[in-house]
Enquirer: 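One structure, as C-alpha cells, below. Some questions next.
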2 protein chains.
Amino acid sequence: MEKIPPEIMAQVASYFQVLSEPTRLHILNLLQEGECNVGEIAQRCGYTAANISRHLSLMTKQGLLERRRQGTTVYYRIADPSVYALCELVCGNLARRLLQAAQVSGGWPQDASPMEHQGEP
Amino acid sequence: MEKIPPEIMAQVASYFQVLSEPTRLHILNLLQEGECNVGEIAQRCGYTAANISRHLSLMTKQGLLERRRQGTTVYYRIADPSVYALCELVCGNLARRLLQAAQVSGGWPQDASPMEHQGEP
DNA sequence: TGACTATTTAGTCAAACAGTCAAATAATGG
DNA sequence: CCATTATTTGACTGTTTGACTAAATAGTCA
C-alpha cells in the first residue's frame, strides 16, 4: 500500500519510545496543569533532579516539551498538546480490550493475559 | 487535574513500547495490506523467522494482532486498526515539527537537532 | 511412525537505558 | 570575586532488549 522509508519509521519509533516510560508519562501528566520547574517535578515524581532532567531533556529533544529559563530555575512546558490525544487513544484501546476480556472470560480486572485458551482442547 | 494510578500509567507505557520499534512498525505496515504468515513477514522484513515470531508474539499479547493457524503456518492480522490512527498522529506531529524547523533554520530535511538557539539572551 | 515444513522457545551476546552520586555549569546576590 | 541555589552532565551500575543460532514443538502427509 505504502512504502515507507526506514528513516521515517525510525523517527516514528523514537517518538513512541519517548512515550514508553511511566516516569515520562507521569511528567507529561504533571505538565498538563501548566509549566513547572525541574526541582518540583522531581519532588513530585519521587526521583532525583538529575534523573528528571535527563527525561526532560530527551522529551525536549523529541519536540514534546519547551524550555524557559528564569534566573537559575528552568521551567518546562508542553510544546505539542496533541500528545494527550495519543494517550487518550491508547487508553481507549486498553479499556476496550479489558472490557472485552472481562466479558469473554469472567472478570479479573487486573493481570490480564488472555492468550492461553485459544485452540487447545 | 487527574490523578492517574501507576498501573494504568505502566499499561499505557507498555502499549507505546510495542510501537517504539522500527521492525514492529514495519510489520504493522505490512499487515495493513492484509493478514500474512510468519515466514513471509520475516522474509519481507529481512530478519530471521525466530526474531519476527517474537515480535509478533509480543504484539499479540498486547492486543494489537490476532493469530490464526492453518496447517503448519500461522497467519497474523491486525486486531485493532486504531493503531494506524496513532501512527498517523505521530507522523503529523513529526511533519509539523520538521516543517517548523525548516522554516526557522534553513532547510536540512535530515538530522534535525534544533535545540541550541532558543531563548537565552 | 517418520520425514518434512513452519513456528516457537531457550540460551547467549552486545547495545541501549533508567537510575544513582558527584562534579561541572549557569545565574543571582552579597 | 565568592557563596548559594538550580540544573545539567560524566561516570558507573544493574536491567532490559533486539538480534542471532540451535533446539524444541506442532501439523501434514506418505
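Labels below follow one simple rule: chain letters A, B, ... track the order of the sequence lines, proteins then strands, and each chain is numbered from 1. Since the structure is predicted, the reported quantities are computational estimates derived from the model, not experimental observations.
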Enquirer: To the nearest angstrom, how far is B:Ile52 atom CD1 from C:dT9 atom P?
Expert: 15 Å

Enquirer: Grab the CE-P distance between B:Met59 and D:dG18 for me, whole Å please.
Expert: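 Answer to the nearest Å: 11 Å.
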
Enquirer: Under 4.0 Å between a Lys/Arg side-chain N and an Asp/Glu carboxylate O for A:Arg96 and B:Asp80?
Expert: yes

Enquirer: Can you tell me how far C1' of D:dG18 sits from NE2 of B:His26, to the nearest Å?
Expert: 16 Å

Enquirer: Check this for me: does the side-chain of B:Arg24 come within 3.5 Å of the base of D:dG18 through a donor and an acceptor?
Expert: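 For B:Arg24, whose side chain was compared with the base of D:dG18, there is no donor-acceptor pair (under 3.5 Å).
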
Enquirer: Taking the side chain of B:Arg69 as its heavy atoms from C-beta onward, which of D:dA26, D:dT7, D:dG18 lies nearest to it?
Expert: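 My answer, after comparing the listed nucleotides, is D:dA26.
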
Enquirer: Considering every strand and a 4.0 Å limit on heavy-atom distances, what is the contact class for B:Arg54: base, sugar-phosphate, or nothing?
Expert: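 Base, at least one base heavy atom under 4.0 Å.
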
Enquirer: OH/B:Tyr47 to OG1/B:Thr23 distance, rounded to the nearest 0.5 angstrom?
Expert: 4.0 Å

Enquirer: Hey, are A:Glu33 and A:Arg44 close enough for a salt bridge, meaning a charged N less than 4.0 Å from a carboxylate O?
Expert: yes

Enquirer: D:dA19 phosphate, OP1 or OP2: any side-chain N/O from B:Asn51 under 4.0 angstrom?
Expert: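 For D:dA19, OP1/OP2 do have a side-chain N/O of B:Asn51 under 4.0 Å.
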
Enquirer: Whole Å only: how far is the CD1 atom of B:Ile41 from the P atom of C:dA6?
Expert: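 In whole Å, C:dA6 P and B:Ile41 CD1 are 14 Å from each other.
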
Enquirer: Choose from C:dT7, D:dA19, D:dT7 the nucleotide whose nearest atom is closest to any side-chain atom of A:Arg67.
Expert: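 Among C:dT7, D:dA19, D:dT7, the one nearest the side chain of A:Arg67 is D:dT7.
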
Enquirer: In whole Å, I'd like the distance from the CD atom of A:Glu40 to the C1' atom of D:dT5.
Expert: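 In whole Å, D:dT5 C1' and A:Glu40 CD are 16 Å from each other.
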
Enquirer: Could you check A:Tyr76 against B:Thr72 and say which one's nearest nucleotide on DNA chain D is further toward the 5' end?
Expert: A:Tyr76

Enquirer: Out of C:dT7, C:dA18, D:dA19, which nucleotide sits closest to the side chain of B:Tyr47?
Expert: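 Nearest listed nucleotide: D:dA19.
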
Enquirer: Of the listed nucleotides (C:dT8, D:dT8, D:dA6), which one gets closest to any side-chain atom of A:Thr73?
Expert: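 My answer, after comparing the listed nucleotides, is D:dA6.
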
Enquirer: Can you check the A:Leu25 CG to C:dA18 P distance for me, whole Å?
Expert: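 These atoms are roughly 12 Å apart.
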
Enquirer: What are the two closest non-hydrogen atoms of B:Arg24 and B:Val18, and how far apart are they?
Expert: NE-O, 2.7 Å

Enquirer: Ignoring the backbone of A:Thr48, work out which of D:dC20, C:dC21, D:dT7 is nearest its side chain.
Expert: C:dC21

Enquirer: Hey, does the side chain of B:His55 come within less than 4.0 Å of D:dT17's phosphate (OP1/OP2), counting only N and O?
Expert: no

Enquirer: Quick check on DNA chain C: between B:Tyr75 and A:Leu58, whose nearest nucleotide comes earlier from the 5' end?
Expert: B:Tyr75

Enquirer: In whole angstrom, give the distance that lies between atom CG of A:Leu19 and atom C1' of C:dA18.
Expert: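 Going from A:Leu19 (CG) to C:dA18 (C1'), I get 16 Å.
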
Enquirer: Provide, to the nearest angstrom, the distance between the CE atom belonging to A:Met9 and the P atom belonging to D:dG18.
Expert: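 So the CE-P distance, A:Met9 to D:dG18, works out to 16 Å.
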
Enquirer: So with a 6.0 Å cut-off around CD of B:Gln43, is the heavy-atom count from everything else above 12?
Expert: no

Enquirer: I'd like to know whether B:Asn93 forms a side-chain hydrogen bond (donor to acceptor under 3.5 Å, both in side chains) with A:Ser82, so could you lay out the CA-CA distance, the side-chain angles of the two residues, the decisive distance to 0.1 Å, and finally the verdict.
Expert: CA-CA 8 Å; B:Asn93 287 2; A:Ser82 74; 2.9 Å; yes

Enquirer: Please tell me which of the listed nucleotides, D:dA19, C:dG19, D:dT8, lies nearest to the side chain of A:Ser53?
Expert: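 Closest of the options to the side chain of A:Ser53: D:dT8.
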
Enquirer: B:Gln17 near the nucleic acid: base, sugar-phosphate alone, or nothing, with a heavy-atom cut-off under 4.0 Å?
Expert: sugar-phosphate

Enquirer: Across the strands shown, which category fits B:Gln70 at heavy-atom distances under 4.0 angstrom: base, sugar-phosphate, nothing?
Expert: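 No contact.
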
